[in-house]
Protein chains: 2
Amino acid sequence: MLLLRELLREKGLKVTPQRLAILQTLKEGGHLSIEEIYQKLYAQFPSLSLATIYKNLHLLLERGIITELAIHNRHKFEIVKEPHSHFICEKCGKIEDIHLSPEICEKLNQKFPDSRQEVYIYGICPRCRGEKGEKE
Amino acid sequence: MLLLRELLREKGLKVTPQRLAILQTLKEGGHLSIEEIYQKLYAQFPSLSLATIYKNLHLLLERGIITELAIHNRHKFEIVKEPHSHFICEKCGKIEDIHLSPEICEKLNQKFPDSRQEVYIYGICPRCRGEKGEKE
DNA sequence: CTAATTGCAAATTGTTTGCATATTC
DNA sequence: GAATATGCAAACAATTTGCAATTAG
């Protein structure tokens, strides 16, 4: 289990309540947009400014503490963790971490050594698929 | 070889010089951002407005004539063609179409039936890797 | 105490909208 | 001629910057 304050110190960043809160939110929320982070934090930090979030996300990206997902035009961020891919439901918009099978990963790595693969799978999630009364 | 004007008519869009130019540019350029399209067209169409490009790209997306690539935060567009993936050079930023091996495609389709996969491979392209005098 | 961080307001950049004019079919 | 498209300017939204006040180490 990663201690957020240590993570920050390790990377040479000061530990501030705002930073911890941003990381904590990402940790809980999984994949969040800037606006979502702002909304979630507004309750505990009415003084928190968007500028601070922007500045921090840039810093955290730079230091490799978080990554940015390119889900079409909605930027999402998540804390760096083990390599994984993403499934995006085209109906409800939910994003889920998925793990490709070892064979696929191996094949990709074989074909593109020394590279980083980002795989996005767009489809309908089980929940949306299964629901009888169409949600929308 | 696809005739752009027919493509437009098929989809119920009127054929205008601006539209043709935008499509032509995309066809030649491969993957272009809005700004890039604008730059390229400015020479032949000094009157062309960004608003027109925005409006047209939305329409073309809607009708499935073009697709949008989510390359981190730089939106790129390209004309719809056979399924393919993209390689992005982290050094020079070049984007190249790549084709995954049939085995990988098959495995992905098996694992995620009825879905669309977007695969981005980030690495250093041969040109950047090979050049002795570092470009930057 | 020093350097980094915050948060405001202003500046900048990116995108969308309304509407009068022009164009396509 | 009717419906659609263009392009301008204005509106709106997203992101960045400068800076004085505050905080972490």
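So you know, we letter chains A, B, ... as the sequences are listed, proteins then strands, and number each from 1.
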Distance from [X] atom [atom1] to [Y] atom [atom2], nearest 0.5 Å?
{"X": "Lys27(A)", "Y": "Ile66(A)", "atom1": "NZ", "atom2": "CD1", "value": "15.0 Å"}
{"X": "Ile121(B)", "Y": "Ile95(B)", "atom1": "CD1", "atom2": "CD1", "value": "13.5 Å"}
{"X": "His86(B)", "Y": "Glu118(A)", "atom1": "NE2", "atom2": "CD", "value": "13.5 Å"}
{"X": "Leu26(B)", "Y": "Ile37(B)", "atom1": "CG", "atom2": "CD1", "value": "4.5 Å"}

Would you tell me if any nitrogen or oxygen in the side chain of [X] comes within less than 4.0 Å of OP1 or OP2 on [N]?
{"X": "Ser49(A)", "N": "dC8(C)", "answer": "no"}
{"X": "Tyr54(B)", "N": "dT15(C)", "answer": "yes"}
{"X": "Thr16(A)", "N": "dT6(C)", "answer": "yes"}
{"X": "Gln18(A)", "N": "dT23(D)", "answer": "no"}
{"X": "His58(A)", "N": "dT15(D)", "answer": "no"}

When we call it a touch if two heavy atoms are under 4.0 Å apart, what does [X] touch: a base, just sugar-phosphate, or nothing?
{"X": "Leu50(A)", "value": "nothing"}
{"X": "Thr52(A)", "value": "base"}
{"X": "Pro46(A)", "value": "nothing"}

Integer-rounded Å distance: [N] [atom2] and [X] [atom1]:
{"X": "Asn56(B)", "N": "dT15(C)", "atom1": "CG", "atom2": "C1'", "value": "15 Å"}
{"X": "Leu20(B)", "N": "dT6(D)", "atom1": "CG", "atom2": "C1'", "value": "14 Å"}
{"X": "Leu61(A)", "N": "dT16(D)", "atom1": "CG", "atom2": "P", "value": "11 Å"}
{"X": "Ile34(A)", "N": "dA14(D)", "atom1": "CD1", "atom2": "P", "value": "10 Å"}
{"X": "Arg63(B)", "N": "dT4(D)", "atom1": "CZ", "atom2": "P", "value": "10 Å"}
{"X": "Lys14(A)", "N": "dG25(D)", "atom1": "NZ", "atom2": "C1'", "value": "6 Å"}
{"X": "Arg19(B)", "N": "dA5(D)", "atom1": "CZ", "atom2": "C1'", "value": "6 Å"}
{"X": "Phe45(B)", "N": "dC8(D)", "atom1": "CZ", "atom2": "P", "value": "13 Å"}

Please tell me which of Leu13(B) and Glu35(B) maps to the more 5' nucleotide of DNA chain C, matching each residue to the nucleotide holding its nearest heavy atom.
->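 Nearest nucleotide further toward 5': that of Glu35(B).
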May I have the list of side-chain donor-acceptor pairs in residues 9-24 of chain B shorter than 3.5 Å, sequence neighbours left out?
{"from": "Lys11(B)", "atom 1": "NZ", "to": "Arg63(B)", "atom 2": "O", "distance (Å)": "3.2"}
{"from": "Thr16(B)", "atom 1": "OG1", "to": "Arg19(B)", "atom 2": "N", "distance (Å)": "3.1"}
{"from": "Arg19(B)", "atom 1": "NE", "to": "Asn56(B)", "atom 2": "OD1", "distance (Å)": "2.6"}
{"from": "Arg19(B)", "atom 1": "NH1", "to": "Lys14(B)", "atom 2": "O", "distance (Å)": "2.9"}
{"from": "Arg19(B)", "atom 1": "NH2", "to": "Asn56(B)", "atom 2": "OD1", "distance (Å)": "3.3"}
{"from": "Gln24(B)", "atom 1": "NE2", "to": "Glu28(B)", "atom 2": "OE2", "distance (Å)": "2.9"}

Less than 4.5 Å apart, any side-chain heavy atom of Leu8(B) and any of Leu4(B)?
->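 Answer no - side chains too far apart.
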For the side chain to side chain contact (heavy atoms under 4.5 Å, CB included) test, which of Leu100(A), Asn109(A), Ile104(A) pairs with Gln117(A)?
->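 Going through the options one by one, the only one that passes is Asn109(A).
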Restricting to nitrogen or oxygen on both sides, can you table the protein-nucleotides 18-20 of chain C pairs closer than 3.5 Å?
{"from": "dG18(C)", "atom 1": "O6", "to": "Lys55(B)", "atom 2": "NZ", "distance (Å)": "3.0"}

Between dT24(C), dG25(D), dA24(D), which nucleotide has the shortest distance from any of its atoms to the side chain of Arg9(A)?
->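 The nucleotide sitting nearest to the side chain is dG25(D).
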Kindly give the heavy-atom pair with the smallest separation between Cys89(A) and Cys128(A), and that separation in Å.
->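 Closest approach of Cys89(A) to Cys128(A): SG-SG, 3.9 Å.
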